[in-house]
Amino acid sequence: MRVFVTGATGFIGSAVVRELLDAGHTVTGLARSDTSAEALTAAGAAVHRGSLDDPDSLRRGAAAADGACHLAFVHDFSELSEFAASCALDLRAIETIGEVFAGTGKPFVVTSGTPGLDRGRVATEEDLAAPESFVSVRQPSEVAAVALAERGVRSSVVRLPRSVHGTGDKGLVPGLIAVARQTGRAAYVGDGTNRWPAVHRLDAARLYRWALESAPAGTRYHAVGDEGLPMRDIAELIATRLGVRAASVTADEAAGTLGFLGRVAALDCPASSTLTQKRTGWQPVEVGLMADLEAGHYFDDAQ
Ligand SMILES: NC(=O)c1ccc[n+]([C@@H]2O[C@H](COP(=O)([O-])OP(=O)(O)OC[C@H]3O[C@@H](n4cnc5c(N)ncnc54)[C@H](OP(=O)(O)O)[C@@H]3O)[C@@H](O)[C@H]2O)c1
């Protein structure tokens, strides 16, 4: 299949590209800079120049493809308003590619996040984000993707958990480690019992491939390995590795050091992939987040 991948140079997108190429697909990645174009060429993918801000470039990329995986996202977590603007751009990109695929039955795999329920129970594929939760701002993208099924697109959604980990991670966990280095304390919020789901990027990439090849139209999947790791356990492991102390902070303090991501870190949002595993045969096979942290690469000076 000729697959158009947005976010193909990213931490997860590059793993998806590798997974698709290894399975014999042809990949064309969206590149907004020479650096990204060079990275795609080095990975063995073709380059399509363009950007999320340029809908025509998305239209052209999709028109030349048999299917698409959308992982590009503007990661500005400085304020909730910035995140909301990124979500609005994401929605427009999904609608643009969906328009090109309408009536073709082509597969279109869209990225979302596991729901922010924060209600003390494990979220499933059947749940939506609690409307009052600030993370529900991303939900319109997911709803739009599922709705494309009514328009003759074999759309599906892969929901990623709070922490997608592996070598090259630049997300929440490296953020916590950087703050711990600066402040001399590895922070957890409150009593640290709030739980984070997690998955290894290579496991996530396998689920994208399955969804592209096989997902029925209008379906949602959870790429979840660890259902819910208490934040305090993560902080204590970081503290041990860095030789600092683990310490409780308030949600406001976490937001003060990590911005919007600090507020995300404070949520109790366990999520399961039981239904995904039953419906797809996909299973996480890579190491979990704690073992990945134990492996040491998160604490290399280069990180
Ligand atoms: N990493 C996690 O822990 C995690 C957790 C939950 C959900 N997610 C979601 O998973 C997806 C992939 O995340 P990631 O961690 O792989 O992200 P990443 O490493 O930050 O990569 C982002 C990708 O989006 C591209 N991009 C950013 N702005 C763009 C623009 N204006 N136009 C075109 N391309 C643009 C980047 O291209 P350049 O190479 O040009 O910068 C890059 O390929 C995102 O939707 C993210 O929100 C990630």
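Since we're looking at a predicted model, the values are computed, not measured. Just follow the structure's listing: the first ligand is 1, and inside any ligand the first atom is 1.
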Do the two ring centres, one from Tyr221 and one from Trp210, sit under 6.0 Å apart?
yes

For ligand 1, which atoms sit closer than 4.0 Å to a heavy atom of Leu160?
6 (C), 7 (C), 8 (N), 9 (C), 10 (O)

Hey, which atoms in ligand 1 end up nearer than 4.0 Å to a heavy atom of Thr111?
9 (C), 10 (O), 11 (C), 45 (O)

Check: Ser273 and Trp282 side chains under 4.5 Å, non-hydrogen atoms
yes

Considering only heavy atoms of Arg138, which atoms of ligand 1 have at least one such atom less than 4.0 Å away?
44 (C), 45 (O), 46 (C), 47 (O)

Of Leu89, Val164, Leu40, the one whose closest heavy atom lies nearest atom 3 (O) of ligand 1 is Val164

Any heavy-atom pair between the side chains of Asp54 and Arg49 that's under 4.5 Å?
no

Using heavy-atom distances, let me know which of Arg201, Arg32, His165, His70 sits nearest atom 35 (C) of ligand 1.
Arg32

Suppose we measure from atom 48 (C) of ligand 1 to each protein heavy atom; which comes out shortest, and what is that distance?
Ile12 CD1, 3.6 Å

Would you say Ala72 contacts ligand 1, with heavy atoms under 4.0 Å as the rule?
yes

Atom 11 (C) of ligand 1: closest protein heavy atom, distance to 0.1 Å, is Leu71 O, 3.3 Å

Give me the nearest non-hydrogen protein atom to atom 46 (C) of ligand 1 as residue plus atom name, then the distance to 0.1 Å.
His75 NE2, 3.1 Å

Within 4.0 Å of some non-hydrogen atom of Leu52, the atoms of ligand 1 are 29 (C), 30 (C), 31 (N), 32 (N), 33 (C)

Quick check on contacts: which atoms of ligand 1 are under 4.0 angstrom from a heavy atom of Thr9?
37 (O), 38 (P), 39 (O), 42 (C), 43 (O)

Between Asp127 and Arg121 (salt bridge meaning N to carboxylate O under 4.0 Å), is one present in this structure?
yes

Minimum-distance protein heavy atom relative to atom 22 (C) of ligand 1:
Phe73 O, 4.0 Å

Before you tell me yes or no, could you show the steps for Arg151 and Glu99 under salt bridge (Lys or Arg N to Asp or Glu O under 4.0 Å), namely the whole-Å CA-CA distance, both residues' side-chain angles and the distance that decides it to 0.1 Å?
CA-CA 9 Å; Arg151 302 188 56 206; Glu99 191 67 41; 3.4 Å; yes

Can you name the atoms of ligand 1, numbered from 1 with element, that are less than 4.0 Å from a heavy atom of Gly7?
23 (C), 24 (O), 43 (O)

Is there a side-chain contact between Lys106 and Val100 in this structure, where contact means two heavy atoms from C-beta onward sitting under 4.5 Å apart?
no

Where's the contact between Ser36 and ligand 1, heavy-atom distance under 4.0 Å: side chain, backbone, both or neither?
side chain

Candidate with minimal heavy-atom separation from atom 5 (C) of ligand 1, of Pro161, Ala37, Gly29
Pro161

Parallel, tilted or perpendicular: which one describes the rings of Phe73 and Phe83, with boundaries at 30° and 60°?
tilted

Using 30° and 60° as the class boundaries, would you call the ring planes of His48 and Phe4 parallel, tilted or perpendicular?
perpendicular

Any heavy atom of Arg162 closer to ligand 1 than 4.0 angstrom?
yes

Assess the side chains of His25 and Glu213: does a donor N or O sit below 3.5 Å from an acceptor N or O?
yes

Give a yes-or-no answer on whether the side chains of His297 and Asp169 include a donor-acceptor pair shorter than 3.5 Å.
no

Sidechain-backbone polar pair: Thr250 side chain, Glu253 backbone, donor-acceptor under 3.5 Å
yes

Could you find the nearest protein heavy atom to atom 19 (O) of ligand 1 and give me its residue, atom name and distance?
Phe11 N, 2.8 Å

What residue and heavy atom of the protein are closest to atom 21 (O) of ligand 1, and at what distance?
Gly10 CA, 3.3 Å

Considering all heavy atoms, the nearest Arg154-Pro216 contact
CG-C, 4.2 Å

Numbered in order shown, the ligand 1 atoms found under 4.0 Å of a heavy atom of Asp53 are 31 (N)

Val74 neighbourhood, listing ligand 1 atoms whose heavy-atom distance to it stays under 4.0 Å
28 (N), 31 (N)

